[in-house]
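Whatever order the structure lists them in is the order used to number ligands and atoms, beginning at 1.
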Amino acid sequence: MSFVLFGPPGAGKGTQSVMLAKHLGALHISTGDLFRAAIKNQTPLGQQAKAFLDRGELVPDGITIGMLKEHFQTTKTKSFILDGFPRNVAQAEALKTLLLEVGLKMDQAVFLEVDQAQLIERLTGRRVCKNCGEVYHVRTRPSQKEGVCDKCGGSVVQRNDDRSEVIENRLVTYEKSTAPLRDYYRESGCYFEVNGMGEMSEIFQRILKILSKK
Ligand code: AMP
């Protein structure tokens, strides 16, 4: 079972992908995580990508698709959950070609639907552990000790692109580039929608139900 989980920033793609990957034994591939790791490790890819992430803009397609291709080739997985890719129609087209090249198939594109006020509330309150990536929220899921990760003791900080001035840009970029993917996948016949509002565990069950339809 392989699928794309997509939606606006703050829809919960990352959180749900981690849970789903564990449950289904699939590989979770987050292009955002791959970029953040490259930036942290100061690789040439990280240096190319950093300014785009800081501004809340998409990294150019050539760089992003190249990175994903290399990841697929090195991990040699059979089933995958793509989180944050594709982010525009050109990337969706490139994904088709890429999957043919590596001999993989994608079963579904699942869209997580969350209203704008909830997205902003989730993004502005989100905090992450710099060390292990565990995700917190100042109101709904604070760490036990402020600024310290419950899991590994690392420092819990706000993502650079979760600052309010960048959030606005990310939402505009989403509307312009990523939202058209809904129609793209509708036309491909593999589009499914899930209500992304409510408790994490409820949303997880909704996604599992959708996945069982294929
Ligand atoms: P995310 O963690 O998915 O919210 O992604 C964080 C940032 O990484 C985005 O705002 C973009 O700057 C960059 N990024 C992640 N995935 C892609 C993609 N598929 N295409 C272009 N840029 C991306």
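The number of heavy-atom neighbours closer than 6.0 Å to CD of Glu168, taken from other residues, nucleotides and ligands shown, is 12 or below. Atom CE of Met200 has 12 or fewer neighbouring heavy atoms from other residues, nucleotides or ligands inside a 6.0 Å radius. Counting heavy-atom neighbours within 6.0 Å of Glu165 CD, excluding the residue itself, gives a total above 12. Within 6.0 Å of CD on Glu70 lie no more than 12 heavy atoms contributed by other residues, nucleotides or ligands.
Considering backbone and side-chain N/O of Gly84, one or more are found under 3.5 Å from N/O of ligand 1.
Within ligand 1, the atoms closer than 4.0 Å to a non-hydrogen atom of Arg159 are 1 (P), 2 (O), 4 (O), 6 (C), numbered from 1 in the order shown. Shown in contact with Arg170 at under 4.0 Å from a heavy atom are these atoms of ligand 1, numbered in order with element: 4 (O). Of all atoms in ligand 1, listed by their number and element, those nearer than 4.0 Å to a heavy atom of Arg36 are 2 (O), 6 (C). Atoms of ligand 1 found under 4.0 Å from any heavy atom of Thr31, numbered from 1 in the order shown, are 15 (C), 16 (N), 17 (C), 19 (N). Interface atoms of ligand 1 facing Gln91, defined by a heavy-atom separation under 4.0 Å, are 18 (C), 19 (N), 20 (N), 21 (C). Of all atoms in ligand 1, numbered sequentially from 1 with element shown, those under 4.0 Å from a heavy atom of Glu57 are 11 (C), 12 (O).
Shown are Thr77, Asp83, Asp33; of these, the side chain to side chain donor-acceptor pair (under 3.5 Å) with His28 is made only by Asp83.
Both Leu24 and Val110 are members of a single hydrophobic cluster when ILVMFWY side chains are connected at heavy-atom separations under 4.5 Å.
Residue contacts with ligand 1 leave out Lys13, since none of its heavy atoms falls under 4.0 Å from the ligand. Residue contacts with ligand 1: Met67 is excluded, as none of its non-hydrogen atoms falls under 4.0 Å.
Of all protein heavy atoms, the one lying nearest to atom 7 (C) of ligand 1 is Leu53 CG, 3.7 Å. Nearest protein heavy-atom neighbour of atom 1 (P) of ligand 1: Arg87 NH2, 3.4 Å. Of all protein heavy atoms, the one closest to atom 22 (N) of ligand 1 is Val59 N, 3.0 Å. Summary of contacts: the protein heavy atom closest to atom 23 (C) of ligand 1 is Phe35 CE1, 3.7 Å.
No donor-acceptor contact under 3.5 angstrom links the side chains of Glu134 and Tyr136, judged on distance only.
Contacts between Thr64 and ligand 1, counted as non-hydrogen atom pairs separated by less than 4.0 Å, involve the side chain only.
Both tests do not hold together for Arg182 against Tyr184: distance to the six-membered ring centre under 6.0 Å, angle to the ring axis within 45°.
Between Phe111 and Tyr185, the ring centre distance reaches or exceeds 6.0 Å.
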